[in-house]
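Below is one structure; the comments refer to it alone.
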Number of protein chains: 2
Amino acid sequence: MSWIDQFPGLSRLPDGIRSYLVGESKIVTVPANTVIFGPGKSPENLLLLLDGTVRVQQTSDTGREIVLYRVHAGESCVLTTACLLAYEDYSAEGIAETETRAVAIPRKVFDKLVSDSIEFRQFVFTAYSKRITDLFMVIEEIAFQKLDIRLAHKLIELAGGEETVAATHQKLAVELGTAREVISRQLQEFQRRGWIEQSRGTIRLIERAPLEKLAQS
Amino acid sequence: MSWIDQFPGLSRLPDGIRSYLVGESKIVTVPANTVIFGPGKSPENLLLLLDGTVRVQQTSDTGREIVLYRVHAGESCVLTTACLLAYEDYSAEGIAETETRAVAIPRKVFDKLVSDSIEFRQFVFTAYSKRITDLFMVIEEIAFQKLDIRLAHKLIELAGGEETVAATHQKLAVELGTAREVISRQLQEFQRRGWIEQSRGTIRLIERAPLEKLAQS
DNA sequence: TGCGCTTCAGTGACGAAGTCACCAAACATC
DNA sequence: GATGTTTGGTGACTTCGTCACTGAAGCGCA
């Protein structure tokens, strides 16, 4: 079984293309917290993530940060390549959040695949679309949504199935592109209502129902 | 002379590709204020703008709006196609701001061109990159920049070489994704400082220098 | 010319969010 | 245990967004 099977969009590649792709790309592993791309550091490869997640975020000159989106296992890092491929000086950076395994496809191979395979083209354009809608959603959120709603949403997302979220107030602030104090105060309000309990670096969700209700209002 | 010469990125297309593109696409004209794409209205063609501008904006459920970016003459509407091509239900819409002439490339032709021509591929991916960096910049602005700075910036941009800007406070609010009252107050402050003069529907820039200084601080 | 209608802009009060400066626990380490 | 670093808490203040109005400017039309 090849890594290709981890990517639904690539499963229908014809055999020739498929073996070409497998032959010409290689698997790389990067440790946690590696900066994969960023100002002045453009990747020469298209990355397909096998394991781990990559966080893409932006830093303002005033030092505040915001998480734009994440690339998860089974997804590709198209924007990365495209952005840096053509346009230049902005400060977004991609960071491996955990140890990350990925398939690296050299630019030339990428180009040939786009040229030769309609399936690969579809894979690429679909990935683009997804990222762009992600960005649209980020814009809608920061421009129009109230912070308590966004925070509730983020807590549930980060918790996943777990009961607790391991994150400092500062990290949550970066997730939402706001200031640490704002998060602190909002979490206190949640705590006052008995929805969460806090301890240094972790948040325990006690009453999930009202949080979820708030999140989708 | 063909319309192709209006697109620098396409000038290097080989003759065969070039004539194929010209032959298979057609020129369309839409009147001002036409909704070119939007919720439930996805375009079957890739558009290359010959004349006019298309404004892409998003509306929140609470009724507030924000302008995401504009497509100008000589640019292509790639995101449009890609987004709606694959991903579904979000509320961005594209509106012709003026009467607009554009070249419409059917999806099949688009696909064949991407397959056959490295120049066309480069054109497409470059256009993508530009849009995405635009979106990154929008996010950075709304998340981190103060409103007076953004407004000063927008006024100068809208003025162009002219002395006056023809826009209502409401329009400016949509440009910046904020509320009308906020714009009104900020413009009053500019007026108080003697930088602008206002009359119904127009703003006259009197002191450009301090506005520009504020805009890039 | 005067009457209504619509669109645009101004205002005050208030709540929500961001900023600044500073303090106090909790943890890490030596 | 002394010390330094992270993390979180707090108050004062500014900016921004919201709501509910008011009033003025332009337009159509009898």
Side-chain angles (χ1 to χ4, degrees), chain A residues 33 58-66 138-155 158 164-193 196-204 214-215 217, chain B residues 33 58-66 139-155 158 164-193 196-204 214 217:
Chain A
N33 298 316
Q58 188 159 26
T59 307
S60 80
D61 3 272
T62 65
R64 264 174 63 198
E65 299 171 277
I66 184 170
V138 170
I139 291 177
E140 170 146 17
E141 274 186 17
I142 56 181
F144 303 133
Q145 287 238 282
K146 298 194 52 178
L147 202 85
D148 51 355
I149 296 173
R150 297 173 59 207
L151 180 56
H153 193 81
K154 184 58 75 176
L155 283 177
L158 290 178
T164 64
V165 175
T168 65
H169 295 187
Q170 179 59 46
K171 289 241 173 71
L172 290 169
V174 171
E175 291 286 336
L176 301 179
T178 182
R180 199 251 320 155
E181 297 92 316
V182 178
I183 297 291
S184 291
R185 280 194 271 261
Q186 197 61 60
L187 286 175
Q188 275 172 57
E189 176 59 22
F190 287 170
Q191 189 172 33
R192 197 191 60 75
R193 295 185 198 166
I196 63 168
E197 266 175 11
Q198 300 189 67
S199 61
R200 192 188 169 89
T202 63
I203 295 153
R204 174 182 306 273
L214 178 62
S217 65
Chain B
N33 298 317
Q58 188 159 26
T59 307
S60 80
D61 3 273
T62 66
R64 263 174 63 199
E65 299 171 279
I66 184 170
I139 292 177
E140 170 147 16
E141 274 187 17
I142 57 182
F144 303 132
Q145 288 236 283
K146 297 194 54 178
L147 203 86
D148 50 354
I149 296 173
R150 296 173 59 207
L151 180 55
H153 194 80
K154 185 57 74 177
L155 285 177
L158 290 179
T164 64
V165 176
T168 64
H169 295 187
Q170 179 59 46
K171 288 240 173 70
L172 290 169
V174 170
E175 291 286 336
L176 301 179
T178 182
R180 200 250 321 153
E181 298 91 317
V182 179
I183 298 290
S184 292
R185 280 194 272 262
Q186 197 60 61
L187 286 176
Q188 275 170 58
E189 176 60 21
F190 287 170
Q191 189 171 33
R192 198 191 59 74
R193 295 185 198 166
I196 63 168
E197 266 176 12
Q198 299 189 66
S199 61
R200 194 187 168 88
T202 62
I203 294 153
R204 174 183 305 274
L214 178 62
S217 65

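Each chain gets a letter, A, B and so on, in the order its sequence line appears, and its residues count up from 1.
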Fill in the blank from the handout: Rounded to whole Å, CD of Glu189(B) lies from C1' of dT15(D) at a distance of 12 Å
Exercise for the section: Could you tell me which residues satisfy salt bridge (Lys or Arg N to Asp or Glu O under 4.0 Å) with Arg193(B), sequence neighbours excluded, listed by chain and number? Expected result: Glu189(B)
Exercise for the section: Would you give a per-nucleotide map of nucleotides 23-28 of chain D, 5' to 3', where B means the base has a protein non-hydrogen atom under 4.0 Å away, S means only the sugar-phosphate does, and - means neither? Expected result: -BBS--
Handout entry: Validation row: Leu214(B), Phe190(B) side chains within 4.5 angstrom (heavy atoms)
Key = yes
Handout entry: Atom CZ of Arg64(B): over 12 foreign heavy atoms under 6.0 Å
Key = yes
Exercise for the section: Rounded off to whole Å, could you give me the CD-to-P distance for the Gln170(A) and dG9(D) pair? Expected result: 13 Å
Exercise for the section: Figure out the CD/C1' separation between Glu141(A) and dG17(D), and round it to whole Å. Expected result: 18 Å
Practice task
Could you grab the distance from atom CG of Leu147(A) to atom CD of Glu141(A), nearest 0.5 Å is fine?
Solution key: 10.5 Å
Residues 169-176 of chain B, side-chain donor-acceptor partners within the protein, below 3.5 Å, at least two apart:
unit_1	atom_1	unit_2	atom_2	d
His169(B)	ND1	Ser184(B)	OG	2.8
His169(B)	NE2	Gln198(B)	OE1	2.8
Glu175(B)	OE1	Arg70(B)	NH1	3.2
Glu175(B)	OE1	Lys154(B)	NZ	3.4
Glu175(B)	OE2	Arg70(B)	NH2	2.5

Exercise for the section: Would you please name every residue forming a side-chain hydrogen bond (donor to acceptor under 3.5 Å, both in side chains) with Ser199(A), sequence neighbours left out? Expected result: Thr202(A)
Practice task
Nearest whole angstrom, please: distance from the P of dC16(D) to the CD1 of Ile142(A).
Solution key: 15 Å
Problem - Short side-chain N/O contact from His169(B) to OP1 or OP2 of dG10(C), under 4.0 Å - result: yes
Completion exercise
Gln198(A) atom CD is separated from dT10(D) atom P, nearest whole Å, by 11 Å
Practice task
Between protein and nucleotides 15-24 of chain C, map the contacts as a letter string: B base, S sugar-phosphate only, - none, heavy atoms under 4.0 Å, written 5' to 3'.
Solution key: -SSBBBB---
Practice task
Round to the nearest Å and state the distance from Ile183(B) atom CD1 to dT18(D) atom C1'.
Solution key: 15 Å
Exercise for the section: Taking the side chain as every heavy atom from C-beta outward, state whether Ile142(B) and Arg150(B) have any pair of such atoms under 4.5 Å apart. Expected result: yes
Exercise for the section: Please check the phosphate of dT10(D) (OP1 and OP2 only) for any side-chain N or O of Gln188(A) closer than 4.0 Å. Expected result: yes
Problem - Check: Leu155(A) and Leu187(A) side chains under 4.5 Å, non-hydrogen atoms - result: yes
Handout entry: Any residue meeting side chain to side chain contact (heavy atoms under 4.5 Å, CB included) with Asn33(B), in chain and number order, not counting sequence neighbours
Key = none
